[in-house]
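Worksheet for the structure shown next.
Since the structure is predicted, the reported quantities are computational estimates derived from the model, not experimental observations.
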Amino acid sequence: MSSTNLGFRPTRRDILLVLLTLSTSYLLFTPRPDPSASPLSLTAPAKPKTYIPDWLWPTSGPSTSCPTGTGVREETFDESIRTYGSTHFSGRIPAEDRIEGFDQGNEDFGIAHPSGEGNVKGTEGELRDIKTELLGHQAGWTLADRLYVFNGSFYVVTDRQEEWPDLIHMTSTGLPADNEPGNAEARKPKGREIIFITPTEAAELWGPRVLRMGGMTWLFNDGQFIDHYYHFSAELLLGAWRAYASLDKNITPKGETTLPPPRRAWFLHQNADQWRDKPRFNPTVLFSAFPSIALLYPQDWDDLAQITNNSHPRAYMLERALLADRSAAFYGDYTAPTSRTVASALWVGEASVWWWEPIRRQILRVAGVPEAVLDRNMEGWGAIDPPEAGDMDIDRTGGLKKVGGYKPVVTYISRQSSRRRLNKESHEGLVLALEASRDKLGFELHVIEAEKLSREEQLALAGKTTIMLGVHGNGLTHLLWMPATPRSAVIEMYFRGGFARDYQWTAHALGMRHFGVNHDVSFTAPELPEVFYPEGFHGTEITVDGNYVAGLIEDRLEGRI
């Protein structure tokens, strides 16, 4: 055998395999750049171009993708589990308990140890980076960076406690409100709900034993009503998103935002079943809006209380948190006059007038609503006066496009199979009057019993509805998904003499007119009657003049009111 037959001669296949192996190795093992020099610092870089985030339903075209460098990057394992506590105290922590790297490059800058036994070793920057920062607040809605969880309490690390709101404006015991003697006092915070400590005290207590829960955490300290579609979606969710939206003042009419979705929602008083409503709209809305959200419950709170309080105390740091508390909201200026906890949230910082669009559009995209219908909101915003909870200064953004040529949609949510409903004669007369107006003006009319449609069908119908009407009831919560156009309106029918604020306040907060109707009399803001629940308010003998309601609809669609 000749020597030439023993040589190695690579084939084309061999060369391709080598190139593929080298390329894969480069992608897998090339180190990723450190996104921040300080893992605790949440200081944002220069504001990136707004985008429709990846967590929102994708639309056509490349612009829906998050531009390079502006998205929420998945963390590596070592980034997600490393500790974020303070430096060691000289001589206070045994050598075997020290974490390598925490003492490197530290200088003694002379902060006295609380026990008087020497000085803290650390840098000013490091102690500064463990402080809790208040980002926004109104009674019942507190937005903060670096909120700590330890031994069953929240901890605020600050050396300026006087700059924080009073405890009663931030939190409560979470007990449900009722008319029993002593209930109001029992709901007031007792002092252990939120504890203030200085950075030095935090460093002494936890040292480096602080584990980060990255991203935004929504903390729901509400003690009641969460298992109701209106109170969950139109108060808790609406308020939480509005407070959060104060961190992006440039949300666009198409719902483009730089805000990442919340990583987790923590129900501090409800278990896995107690926040879900019977028709299951609450989980439908929450998981449609935030597909990757994680849920935590009181049992998880109890677990952390046990985990953190031991011979080596440790804390969990919520990188960014929003604490919502129903009882605390009533001590503020905006919730008590309206009985809407969300009313206070509308005053947390400043927000774009389009702040609700990311959520509205996300829900409706999941329900299959096309973009052309979603864009109806762009005909204009602010068809009504600002919410009368105060003289809120709202930018009167004009119409971005002309009123569309589509047929307006009128949706009557009938409650004739429910306990609170029109009597038979009023219902039948109303339907006949609506059909006559439809034939006259050519609008699209839907008379529905919501429970006979799927959840997605109900949401999709609401998303294209111009005028929604119905007897006071949970079905009107669907107004959340209506486009706020110059023709939009909600017409709510009450038992004679009755009035409730629920849907009136929500419609006005979202830029839609609301008309309350007592048989053949209507009212709208700012001229509103007192809240009143007369005998018969929740009954089956509610009456209405159908021709009067149809006339309201015609006047609204024709621009006369």
Side-chain angles (χ1 to χ4, degrees), residues 138-142 152 154 167-190 192-194 217-243 262 264-286 295-302 321-332 334-346 389 419-420 472-477 480 500-506 509 531 533 537-538:
Q138 282 294 337
W141 304 91
T142 305
F154 292 115
L167 207 59
I168 199 170
H169 288 151
M170 290 194 292
T171 190
S172 70
T173 59
L175 292 173
D178 57 39
N179 295 322
E180 294 297 321
N183 175 262
E185 189 65 29
R187 287 185 283 116
K188 291 181 180 179
K190 307 308 176 188
R192 282 201 53 81
E193 293 81 8
I194 299 177
T217 302
W218 285 357
L219 301 159
F220 297 147
N221 200 42
D222 280 27
Q224 60 193 131
F225 302 138
I226 288 184
D227 60 341
H228 189 281
Y229 177 34
Y230 173 79
H231 290 289
F232 179 81
S233 294
E235 286 207 276
L236 196 56
L237 177 63
L238 189 73
W241 183 258
R242 168 55 183 84
R264 62 196 66 83
W266 206 327
F267 295 92
L268 297 175
H269 299 283
Q270 289 79 27
N271 63 32
D273 295 322
Q274 291 172 333
W275 70 277
R276 289 172 163 84
D277 60 323
K278 186 176 180 180
R280 286 300 196 266
F281 271 107
N282 290 355
T284 298
V285 168
L286 186 64
L295 303 184
L296 298 172
Y297 299 102
Q299 296 87 342
D300 302 291
W301 183 261
D302 294 339
L322 173 69
L323 176 60
D325 191 292
R326 183 178 184 85
S327 292
F330 277 86
Y331 286 97
Y334 309 110
T335 289
T338 62
S339 296
R340 303 298 105 206
T341 57
V342 63
S344 294
L346 262 67
R419 63 183 177 88
R420 188 190 310 114
H472 173 79
N474 200 28
L476 291 178
T477 304
L480 289 171
R501 293 294 301 275
D502 309 50
Y503 307 102
Q504 176 271 327
W505 188 94
T506 307
V531 172
Y533 300 89
F537 186 90
H538 298 291

Given the options V285, I226, T284, N282, D277 meets side-chain contact (heavy atoms from CB on, under 4.5 Å) only with N282
Any donor-acceptor pair under 3.5 Å from [X] side chain to [Y] backbone:
X: R326; Y: Q224; result: no
X: N474; Y: Y230; result: yes
X: W141; Y: T341; result: yes
X: D502; Y: L476; result: no
X: T335; Y: R340; result: yes
X: R264; Y: T217; result: no
X: E185; Y: G182; result: no
X: Q270; Y: D222; result: yes

Rounded to the nearest 0.5 Å, what separation is found between the [atom1] atom of [X] and the [atom2] atom of [Y]?
X: W218; Y: F267; atom1: CH2; atom2: CZ; result: 10.5 Å
X: E193; Y: L323; atom1: CD; atom2: CG; result: 10.5 Å
X: T477; Y: Y503; atom1: OG1; atom2: OH; result: 4.0 Å
X: H169; Y: Q138; atom1: NE2; atom2: CD; result: 10.0 Å
X: S172; Y: L167; atom1: OG; atom2: CG; result: 9.5 Å
X: D300; Y: N271; atom1: CG; atom2: CG; result: 11.5 Å

Check against side chain to side chain donor-acceptor pair (under 3.5 Å), S327 and R187: CA-CA 7 Å; S327 292; R187 287 185 283 116; 3.2 Å; yes
For the residue pair W275 and P283, establish whether any side-chain heavy-atom pair is separated by less than 4.5 Å. yes
Flag side-chain contact, heavy atom, 4.5 Å: I194 against T142: no
What pair of heavy atoms forms the shortest contact from [X] to [Y], and how long is it?
X: A139; Y: S344; answer: O-CB, 3.4 Å
X: H538; Y: Y533; answer: NE2-CD2, 4.2 Å
X: R501; Y: V531; answer: CG-CG2, 3.4 Å
X: A345; Y: G239; answer: CB-O, 3.5 Å
X: Y331; Y: K188; answer: OH-CE, 3.4 Å
X: T338; Y: A343; answer: OG1-CB, 3.4 Å

Return the orientation label for the W266 and W301 ring planes: parallel under 30°, perpendicular over 60°, tilted otherwise.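 The rings of W266 and W301 stand perpendicular, inter-plane angle above 60°.
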Checking side chain to side chain contact (heavy atoms under 4.5 Å, CB included) for the pair D325/M170: CA distance, chi angles, key distance, verdict? CA-CA 7 Å; D325 191 292; M170 290 194 292; over 6 Å; no
Applying side chain to side chain contact (heavy atoms under 4.5 Å, CB included) to W505 and V342, what does each step give before you reach the verdict? CA-CA 10 Å; W505 188 94; V342 63; 3.3 Å; yes
Heavy atoms from other residues, nucleotides or ligands near NZ of K278 exceed 12 (cutoff 6.0 Å): no
Test S233 against L480 for side chain to side chain contact (heavy atoms under 4.5 Å, CB included), laying out the working first. CA-CA 8 Å; S233 294; L480 289 171; 3.8 Å; yes
Full working for side chain to side chain contact (heavy atoms under 4.5 Å, CB included) between H472 and F537: CA-CA 9 Å; H472 173 79; F537 186 90; 3.6 Å; yes
Flag the pair F232 / F281 as yes when their ring centroid distance falls below 6.0 Å, and as no otherwise. no
For a side chain to side chain donor-acceptor pair (under 3.5 Å) check, start with the C-alpha distance between N221 and H269, then their side-chain angles and the critical distance, and finish with the verdict. CA-CA 7 Å; N221 200 42; H269 299 283; 2.7 Å; yes
